[in-house]
Amino acid sequence: MAVRFSQAHRLDCTARLISEAPKPKPHYADHRDRLRARFRDAGPSALQEYELLELFLFNSIPRRDVKPIAKDLLSRFGNLGEVCGAPLHRLTEVKGIGEKTALDLKLLHSIGAHMGRERIIGRPILSSWSALLDYCRTAMQYEAVEQFRVLFVDNKNRLIADEVLGRGTIDRAPVYPREIVKRALALEASAIILTHNHPSGDTTPSKADIDMTFTVTEVCNAVGISVHDHLIIGREKIASFKMLGLM
């Protein structure tokens, strides 16, 4: 005896078969596998900058082709460092970048700065001067406004602390010599290194920079604290007051 099924039942069965059928892999899935394999087997030097950024974005954006997004980010900001150092609101202006992915990129920048800091804290500054400069560059070179930091050194010339003591506008950060001395005494520091960034990228010391350095040095010397140097961090280079003969 033949069994008849209603049209609704047949449509339901068809829909169920379609939904249970294995879905084809998206076109970018194999690309992701190949890129991960290249990174694993040949290392980061085998990948272009946009491909390294792609690899990172795979985890933040799991179901989308991220190559165009990586290229757009680099086209807008210039390089990987500037991408990670860009403000959140500017990152989210790029198509495909939501707040979560922007925060992930900022996290990558923070991790890089933290790792650089671990390389220098507790070590003699003269033997790790290159690492110290790298750290300052990573931490400050892409800041959109001026940031004034002080590196505190103990009596064995080891770096014991690094603190932001002023944030300001695109061309000025407030600096209070008494606050610097107060913090140095609290940390029992015997010397300090002043450092701030120039968002414009030009590391030429301004008259205000020179005058401020002179004032801070005078106040610190009065209580037995040395000022080793004042570093200005730009996009491409670092200026040292000591090397320039300004202190």
Side-chain angles (χ1 to χ4, degrees), residues 85 87 109-110 112-247:
H109 179 260
S110 296
H114 186 80
M115 290 172 65
R117 185 173 183 272
E118 287 182 334
R119 292 177 60 198
I120 59 175
I121 287 292
R123 299 186 180 184
I125 59 169
L126 293 179
S127 63
S128 56
W129 188 252
S130 177
L132 184 143
L133 295 180
D134 287 343
Y135 164 68
C136 290
R137 187 180 293 110
T138 300
M140 303 175 69
Q141 70 182 140
Y142 299 122
E143 287 288 328
V145 299
E146 275 205 13
Q147 181 186 94
F148 190 88
R149 305 173 84 103
V150 180
L151 310 179
F152 299 92
V153 180
D154 67 11
N155 58 8
K156 293 184 178 179
N157 226 24
R158 296 174 303 192
L159 190 65
I160 55 176
D162 156 41
E163 298 182 1
V164 177
L165 295 186
R167 284 190 175 90
T169 62
I170 193 169
D171 61 359
R172 178 173 296 181
V175 180
Y176 304 103
R178 289 183 181 178
E179 291 300 315
I180 294 173
V181 171
K182 181 180 176 181
R183 190 62 185 140
L185 291 173
L187 292 167
E188 299 183 349
S190 62
I192 61 173
I193 299 169
L194 308 175
T195 178
H196 78 281
N197 64 306
H198 279 181
S200 67
D202 181 6
T203 58
T204 304
S206 66
K207 184 178 184 303
D209 293 334
I210 296 169
D211 291 344
M212 177 271 293
T213 304
F214 179 79
T215 301
V216 172
T217 301
E218 271 199 327
V219 174
C220 286
N221 286 343
V223 293
I225 297 171
S226 301
V227 180
H228 283 329
D229 206 342
H230 185 171
L231 306 173
I232 298 180
I233 314 301
R235 291 295 176 92
E236 304 296 334
K237 60 182 181 178
I238 296 177
S240 160
F241 272 49
K242 184 152 288 187
M243 294 294 292
L244 292 171
L246 295 173
M247 61 184 303

For the residue pair [X] and [Y], what are the closest heavy atoms and their distance?
X	Y	answer
P205	I210	CB-CG1, 4.2 Å
D202	H198	O-ND1, 2.7 Å
R123	S128	CB-OG, 4.0 Å
A139	H109	O-CE1, 4.5 Å
A131	R119	CB-NH2, 3.7 Å
Y135	R149	OH-NH2, 3.1 Å

Do [X] and [Y] have side chains that approach each other closer than 4.5 Å (heavy atoms only, starting at C-beta)?
X	Y	answer
V175	H196	no
D134	R137	yes
N197	I232	no
Y176	L165	no
K156	P124	no
D229	M247	yes
L151	L132	yes
T195	D162	no

Once you round to the nearest 0.5 Å, how far does [atom1] of [X] lie from [atom2] of [Y]?
X	Y	atom1	atom2	answer
I121	H114	CD1	NE2	10.0 Å
N221	S226	CG	OG	6.5 Å
M140	L231	CE	CG	9.0 Å
F152	I180	CZ	CD1	7.5 Å
E143	R235	CD	CZ	10.0 Å
C136	I120	SG	CD1	6.0 Å

TODO: Give me the one residue out of H230, H228, K242 that meets side chain to side chain contact (heavy atoms under 4.5 Å, CB included) with I193.
DONE: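 Checked H230, H228, K242 against I193; only one passes side chain to side chain contact (heavy atoms under 4.5 Å, CB included): H228.
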
Task: Within residues 199-219 or reaching into it, pairs that qualify as ring pair (Phe, Tyr, Trp, His ring centres under 6.0 Å) - sequence neighbours excluded - done: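 Counting only pairs at least two positions apart or across chains, no ring pair (Phe, Tyr, Trp, His ring centres under 6.0 Å) contact touches residues 199-219.
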
Task: Test log, rule side-chain contact (heavy atoms from CB on, under 4.5 Å), inputs L194 and V216 - done: CA-CA 9 Å; L194 308 175; V216 172; 4.0 Å; yes

